Amino acid sequence: MILLLLAPTVVGMGIFTLLPIAGSLALAFFRWDLLSAPEFAGVDNFLTLGADPTVRTAFLNTIVFVIVAVTLQLSLAMFLAVMVQSRMPEWLRLFFRSTFFFPLVLSAAGVSIFMSYLFNEQFGVVNWLLGLVGIPNVPWLTTPTGAAAVVIFVFVWQNFGFSFLILLGGIASIPKELYEAAELDGARGWGAFRNVTFPLVSPSLLVASVTAMIMALQVFDQPYVLTRGGPGDSTRSAVMVVFEAAFQRLEFGLASAAGLVLMLIIMLITWAQFRLSRRFVFYQ
């Protein structure tokens with residue numbers, strides 16, 4: 001009976017998850033353009049990736065993006081979670097929870113298109129507001145620094161709500177008696193956060209950091225819609241390398257190899273996060 005109930009899920013995962021993964025792994029060692037028969041290439045696809053400066057730049061951009069975006073996302077989520085969980089009416093807390101989570105349910109492509117108008121150099125609202133205080137138009141999307149800043153801003157704005165809810169749940173589960181005891185010992189404000197909130201919310205912070213890191217490593221919509229990876233290759237991401245190789249040049253073996261490399265990077269970073277978590281995660 002148990003096997004019968006599990007069968008639809010197991011079969012579905014096998015057909016739609018495990019088989020595509022296995023096929024992608026195998027395809028990384030072949031050359032295939034959909035039009036001709038696959039040709040075994042050994043490790044040539046990986047050597048091609050390593051020798052391509054565009055690919056190296058894209059992966060380096062992704063790593064830098066992850067460091068900056070995840071740091072900002074977790075910092076903002078933690079700050080807002082602490083603020084919302086502080087003394088305020090329940091209806092106001094519910095309002096903030098819904099408001100901060102709302103961007104996550106929106107289409108990333110739709111949000112990016114909207115943001116491209118806001119940050120347009122000539123008629124964007126952002127430059128219009130800056131002009132009111134005497135600041136000249138900023139070329140947000142046509143300079144490497146400006147484009148990278150906009151991509152990071154849009155990604156963080158749309159995704160911090162998920163980390164916020166995870167951290168808010170962790171903070172809400174901390175017994176109030178611990179804060180009362182800390183207050184009796186003279187720990188208030190920063191002292192209470194450092195000695196009570198942060199240690200006890202650390203398991204939730206681990207979950208939030210792992211999910212944020214994985215999402216950031218797979219960033220695609222924001223740089224593709226906002227800048228197409230430009231100016232130059234300044235905002236090109238690793239997933240854009242996979243997309244361009246597969247669907248623009250029909251080099252599916254090369255795309256699979258790039259995807260495999262990205263998967264290994266994600267696994268390595270996730271393993272490192274759990275390994276390092278032994279030093280700062282406190283389980284009650």
Side-chain angles (χ1 to χ4, degrees), residues 8-70 107-109 112 147-148 151-152 155 158-159 209-230 232-275:
T9 300
V10 174
V11 172
M13 287 186 61
I15 295 176
F16 298 106
T17 302
L18 298 180
L19 284 180
I21 290 175
S24 179
L25 294 178
L27 194 58
F29 300 93
F30 287 82
R31 296 189 188 93
W32 189 41
D33 59 3
L34 285 182
L35 303 177
S36 56
E39 178 185 351
F40 183 73
V43 297
D44 286 354
N45 287 326
F46 298 96
L47 296 178
T48 301
L49 289 176
D52 190 338
T54 299
V55 174
R56 295 199 300 268
T57 299
F59 275 85
L60 179 60
N61 289 343
T62 303
I63 297 300
V64 174
F65 173 85
V66 167
I67 294 173
V68 177
V70 172
S107 164
S112 299
V151 170
I152 291 172
F155 179 87
Q158 187 166 19
N159 292 283
S209 65
V210 169
T211 54
M213 193 80 68
I214 293 175
M215 292 170 64
L217 283 166
Q218 299 178 85
V219 63
F220 172 77
D221 301 79
Q222 291 82 6
Y224 184 77
V225 174
L226 286 165
T227 64
R228 289 295 192 274
D233 294 319
S234 59
T235 58
R236 191 174 306 280
S237 69
V239 178
M240 288 184 67
V241 171
V242 178
F243 172 82
E244 291 167 353
F247 300 106
Q248 292 183 359
R249 302 194 302 272
L250 297 182
E251 297 176 344
F252 286 92
L254 192 65
S256 296
L260 178 58
V261 172
L262 180 60
M263 183 187 71
L264 293 176
I265 292 175
I266 292 174
M267 293 175 62
L268 178 62
I269 293 178
T270 303
W271 172 83
Q273 285 179 282
F274 280 101
R275 185 77 175 180

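Everything numeric in this text was worked out from a predicted model, so none of it was measured. FYI, the numbering just counts along the sequence from 1.
I67 has its side chain within reach of I63: a pair of non-hydrogen atoms, C-beta onward, lies under 4.5 Å apart.
Taken to the nearest 0.5 Å, the CG atom of L226 stands 10.0 Å off from the CG atom of D221. Distance check, rounded to the nearest 0.5 Å: CZ of F247 to CG of L34 gives 9.0 Å. A distance of 5.0 Å separates CG of L25 from CE of M263, quoted to the nearest 0.5 Å. Note that the CD1 atom of I214 and the CD1 atom of I265 stand 13.5 Å from one another [nearest 0.5 Å]. Atom CG of L217 sits about 5.0 Å away from atom CD1 of I266, to the nearest 0.5 Å. Between L49 atom CG and L262 atom CG the span is 11.5 Å, to the nearest 0.5 Å.
Between A255 and A246 the shortest heavy-atom distance is CB-CB, 3.6 Å. Of all the heavy atoms in L254 and N45, the pair that sits closest is CD1-O, 3.4 Å. Taking both residues in full, the closest heavy atoms of P20 and G14 are given as CD-O, 4.5 Å, listed atom of the first, atom of the second, then distance. Minimum interatomic distance between M213 and V66 (heavy atoms only, all atoms of both residues): SD-CG1, 2.9 Å. Summarising the geometry of A108 relative to Q222, their closest heavy-atom pair is CB-NE2, 4.0 Å, with the distance given to 0.1 Å. Of all heavy-atom pairs spanning A148 and T235, the tightest one is N-CG2, 3.7 Å.
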* **E39 and W32: CA distance, side-chain angles, deciding distance, side-chain contact (heavy atoms from CB on, under 4.5 Å) verdict** => CA-CA 7 Å; E39 178 185 351; W32 189 41; over 6 Å; no
* To do: Would you sort out whether R236 and T54 count as a side-chain contact (heavy atoms from CB on, under 4.5 Å), showing the intermediate values?
  => CA-CA 8 Å; R236 191 174 306 280; T54 299; 3.7 Å; yes
* Asked: Which is it for M215 and N159 under the side-chain contact (heavy atoms from CB on, under 4.5 Å) test, yes or no, and what are the steps along the way?
  -> CA-CA 9 Å; M215 292 170 64; N159 292 283; 2.8 Å; yes
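Separation of the F30 and F252 ring centroids does not fall under the 6.0 Å cut-off.
Between E251 and R31 there is no salt bridge, since no side-chain nitrogen of the basic residue lies less than 4.0 Å from a carboxylate oxygen of the acidic one.
Ring geometry, F46 versus F29: the interplanar angle falls from 30° to 60°, so the pair is classed tilted.
In the model, T62 has no side-chain atom that pairs as donor or acceptor with a side-chain atom of S237 under 3.5 Å.
Judged by a 6.0 Å distance limit and a 45° cone about the ring axis, R228 is positioned over the six-membered ring of Y224.
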